Peer 1: 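Structure below; questions to follow.
Since the model is a prediction, treat every value here as computed from it, not as a measurement.
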Amino acid sequence: MALTAELVALCHRAEPDRGLPDYLTEIRDDDYEHFAAALLKQREPGPLWLFAYGSLIWKPAYDALEHCRAAAHGWHRAFTMHLPRWRGTPEQPGLMMVLEPGGCCIGVAYRLPDADHHEQMVRLLKRESASREGLEAARWIHVETPQGKVQALTFWAGIKGPLRVEKQDHERVAAILARACGHAGSGAEYLFHTVTKLEEHGIRDRNLWRLQHLVAEEIQRLHLTPPKP
């Protein structure tokens, strides 16, 4: 990998958490309970599976009984979520990876414990979003696994509204990720951990692989290139 922990460290800076922007609706504890119950009513009978394609692989909020590679047909990774918080600020917004329609996304499916699905769902929802708009992008999809096709919960799939931005070319995304940082960390850190963990699972997303090269080059230009005399 061109993007290293040393380069990622150059992007870090301390930023305060300024809370949700005004255009997002904050969620109360009883809202999480409601969303969890509604999602569980929509699922098919059988084990509870989660499909992870980004940070849920390297920063989980769940206990898994097993995991395996999985293919989500009809979806692909894209940095199309606007981040004025977490890994960005209002002055320097970041981008987060979501699932956009079309193509195929190779990720990891996790089978969660069979007991207390409601509590597990609440934990996942609290981990994933502090806004109602975010939870509305949680959905059940079907993924192909070595055991066959299973239904799995996934997050940030087909987002709409103020959270979504149009797709941008790799160079523009790299420029944003190399600069954006919020109270939860930097965009470069997010990409670094995602690509590293996917590699550990034997998964190489060619777009992310190219993007990490571009982000590494951008960080070097920003922080390591000597100023012109």
Side-chain angles (χ1 to χ4, degrees), residues 1-15 17 50-61 69-72 75-100 102-108 110 127-129 134 137 154-159 163-225:
M1 282 180 60
L3 186 59
T4 64
E6 291 75 18
L7 288 175
V8 168
L10 296 174
C11 301
H12 179 77
R13 58 183 179 270
E15 292 285 354
D17 181 4
L50 172 71
F51 178 70
Y53 58 91
S55 64
L56 276 172
I57 301 175
W58 52 268
K59 194 176 182 181
R69 282 177 52 138
W75 298 96
H76 68 278
R77 295 178 179 88
F79 279 90
T80 53
M81 179 174 163
H82 179 71
L83 274 190
R85 190 190 183 198
W86 299 107
R87 295 184 183 274
T89 62
E91 297 79 18
Q92 183 72 70
L95 290 170
M96 193 180 87
M97 196 166 57
V98 303
L99 288 181
E100 289 277 0
C104 180
C105 176
I106 307 299
V108 182
Y110 295 89
R127 187 264 190 211
E128 281 298 299
S129 182
T154 197
F155 291 94
W156 306 107
I159 67 170
L163 290 169
R164 187 180 185 278
V165 294
E166 292 300 317
K167 287 185 182 179
Q168 303 173 80
D169 60 35
H170 285 86
E171 287 74 15
R172 179 56 184 156
V173 172
I176 293 172
L177 294 181
R179 290 167 172 80
C181 185
H183 72 278
S186 68
E189 179 189 38
Y190 174 85
L191 178 65
F192 172 76
H193 286 309
T194 300
V195 176
T196 300
K197 204 64 179 179
L198 287 173
E199 286 285 307
E200 290 179 12
H201 285 279
I203 301 168
R204 178 168 293 187
D205 182 302
R206 63 181 182 181
N207 289 318
L208 293 186
W209 193 252
R210 181 185 174 202
L211 189 59
Q212 62 90 16
H213 274 279
L214 293 173
V215 171
E217 292 172 358
E218 190 69 14
I219 294 172
Q220 290 171 349
R221 278 195 292 269
L222 289 170
H223 299 280
L224 300 178
T225 302

Peer 1: For a 4.5 angstrom cut-off between non-hydrogen side-chain atoms, does Phe155 reach Leu56?
Peer 2: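 Yes, close enough: below the 4.5 Å cut-off.
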
Peer 1: Quick one: closest heavy-atom pair of Ala180 and Pro93, and the distance?
Peer 2: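 Closest approach of Ala180 to Pro93: CB-O, 3.8 Å.
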
Peer 1: Would you say the side-chain atoms of Arg87 pair up with the backbone N or O of Ser186, donor to acceptor, closer than 3.5 Å?
Peer 2: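 Indeed, once roles are kept as given, a pair shorter than 3.5 Å links the two residues.
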
Peer 1: When rounded to the nearest 0.5 angstrom, what distance separates NE2 in His12 from SG in Cys181?
Peer 2: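 The distance works out to 6.0 Å.
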
Peer 1: Could you check if a side-chain atom of Trp209 sits within less than 4.5 angstrom of a side-chain atom of Glu199, using non-hydrogen atoms only?
Peer 2: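 Trp209 vs Glu199: side chains touch.
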
Peer 1: Grab the two heavy atoms, one from His170 and one from Leu211, that are nearest each other, plus how far apart they are.
Peer 2: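 Result for this residue pair: O-CD1, 3.5 Å.
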
Peer 1: If the condition is side chain to side chain contact (heavy atoms under 4.5 Å, CB included), which residues does Arg172 pass it with, not counting sequence neighbours?
Peer 2: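 Side chain to side chain contact (heavy atoms under 4.5 Å, CB included) list for Arg172, sorted by chain: Gln168, Asp169, Ala175, Ile176.
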
Peer 1: Spell out, as yes or no, whether a donor-acceptor pair under 3.5 Å connects the side chain of Gln220 to the backbone of Glu217.
Peer 2: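 Pair absent, no side-chain N/O of Gln220 close to backbone of Glu217.
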
Peer 1: Calculate, to the nearest 0.5 Å, the distance between atoms CG and CG belonging to Leu177 and Leu83 respectively.
Peer 2: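 So the gap between those two atoms works out to 9.5 Å.
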
Peer 1: Can you list everything that forms a side chain to side chain contact (heavy atoms under 4.5 Å, CB included) with Ala157? Sequence neighbours excluded, please.
Peer 2: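 In terms of side chain to side chain contact (heavy atoms under 4.5 Å, CB included), with neighbours along the sequence ignored, Ala157 is linked to Trp75, Leu99, Arg139, Thr154.
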
Peer 1: Are the side chains of Leu208 and Leu191 in touch, meaning some heavy atoms are under 4.5 Å apart?
Peer 2: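 In contact.
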
Peer 1: Quick one: CZ on Arg210 to CG on Asp205, what's the gap to the nearest 0.5 Å?
Peer 2: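 With rounding to 0.5 Å, CZ (Arg210) is 12.5 Å from CG (Asp205).
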
Peer 1: With side chains defined as the heavy atoms from C-beta onward, is the minimum distance between Leu3 and Val8 less than 4.5 Å?
Peer 2: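 Yes, close enough: below the 4.5 Å cut-off.
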
Peer 1: More than 12 foreign heavy atoms under 6.0 Å from CZ of Arg206: is that the case here?
Peer 2: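 Incorrect, the count does not exceed 12.
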
Peer 1: Which heavy-atom pair separates Ile219 from Ala178 by the least distance, and what is that distance?
Peer 2: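 Minimum heavy-atom separation between Ile219 and Ala178: CG1-CB, 3.9 Å.
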
Peer 1: Counting C-beta onward and ignoring hydrogens, is there a side-chain heavy-atom pair between Phe51 and Cys105 closer than 4.5 Å?
Peer 2: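 Phe51 reaches Cys105 side chain to side chain.
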
Peer 1: With rounding to the nearest 0.5 Å, note down the distance linking CH2 in Trp156 to CE in Met96.
Peer 2: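 Rounded to the nearest 0.5 Å, the CH2-CE separation comes to 5.0 Å.
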
Peer 1: Would you mind reporting whether Glu218 and Cys11 have side-chain heavy atoms less than 4.5 Å apart?
Peer 2: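 Side-chain contact under 4.5 Å: no.
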
Peer 1: Is it true that a side-chain atom of Arg69 and a backbone atom of Gly202 form a donor plus acceptor pair closer than 3.5 Å?
Peer 2: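 It does hold such a pair.
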
Peer 1: Determine the minimum heavy-atom distance between Ala174 and Leu214, stating which atoms define it.
Peer 2: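 That would be CB-CB, 3.6 Å.
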
Peer 1: Rounded at 0.5 Å granularity, tell me how far CG in Leu7 sits from CG in Leu222.
Peer 2: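 Rounded to the nearest 0.5 Å, the CG-CG separation comes to 11.0 Å.
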
Peer 1: Side-chain contact, heavy-atom cut-off 4.5 Å: Arg164 with Glu166?
Peer 2: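 Yes, side chains in contact.
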
Peer 1: I'd like to know if the side chain of Glu15 reaches the main chain of Gly88, judged simply by a donor and an acceptor atom lying under 3.5 Å from each other, with no hydrogens or angles considered.
Peer 2: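 Side chain of Glu15 to backbone of Gly88: no pair is present.
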
Peer 1: Using side-chain heavy atoms (C-beta onward) and a distance below 4.5 Å, is Met1 in contact with Phe192?
Peer 2: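 The answer is yes; the side chains approach within 4.5 Å.
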
Peer 1: Which pair of heavy atoms, one from Ile106 and one from Ala71, lies closest together, and at what distance?
Peer 2: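 For Ile106 and Ala71, the tightest heavy-atom pair comes out as CD1-CB, 3.5 Å.
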
Peer 1: Taking the inter-plane angle between the rings of Phe79 and Tyr190 on a 0 to 90° scale, is it parallel (under 30°), tilted (30 to 60°) or perpendicular (over 60°)?
Peer 2: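 Rings of Phe79 and Tyr190: perpendicular, over 60°.
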
Peer 1: Spell out, as yes or no, whether a donor-acceptor pair under 3.5 Å connects the side chain of Arg127 to the backbone of Lys59.
Peer 2: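 Yes; judged by distance alone, with no hydrogens or angles, the pair exists.
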
Peer 1: Hey, could you give me the OG/CD distance between Ser55 and Glu189, rounded to the nearest 0.5 Å?
Peer 2: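 CD of Glu189 is found 11.0 Å from OG of Ser55.
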
Peer 1: Please check: side-chain N/O of Arg77 versus main-chain N/O of Tyr53, any donor-acceptor pairing under 3.5 Å?
Peer 2: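 Here the side-chain-to-backbone pair exists.
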
Peer 1: Is there a donor-acceptor pair under 3.5 Å between the side chain of His76 and the backbone N or O of Glu100?
Peer 2: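 At least one qualifying donor-acceptor pair exists.
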
Peer 1: Identify the heavy atoms of Ala137 and Ile159 that sit nearest to each other, and give their distance.
Peer 2: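 Minimum heavy-atom separation between Ala137 and Ile159: CB-CG2, 3.4 Å.
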
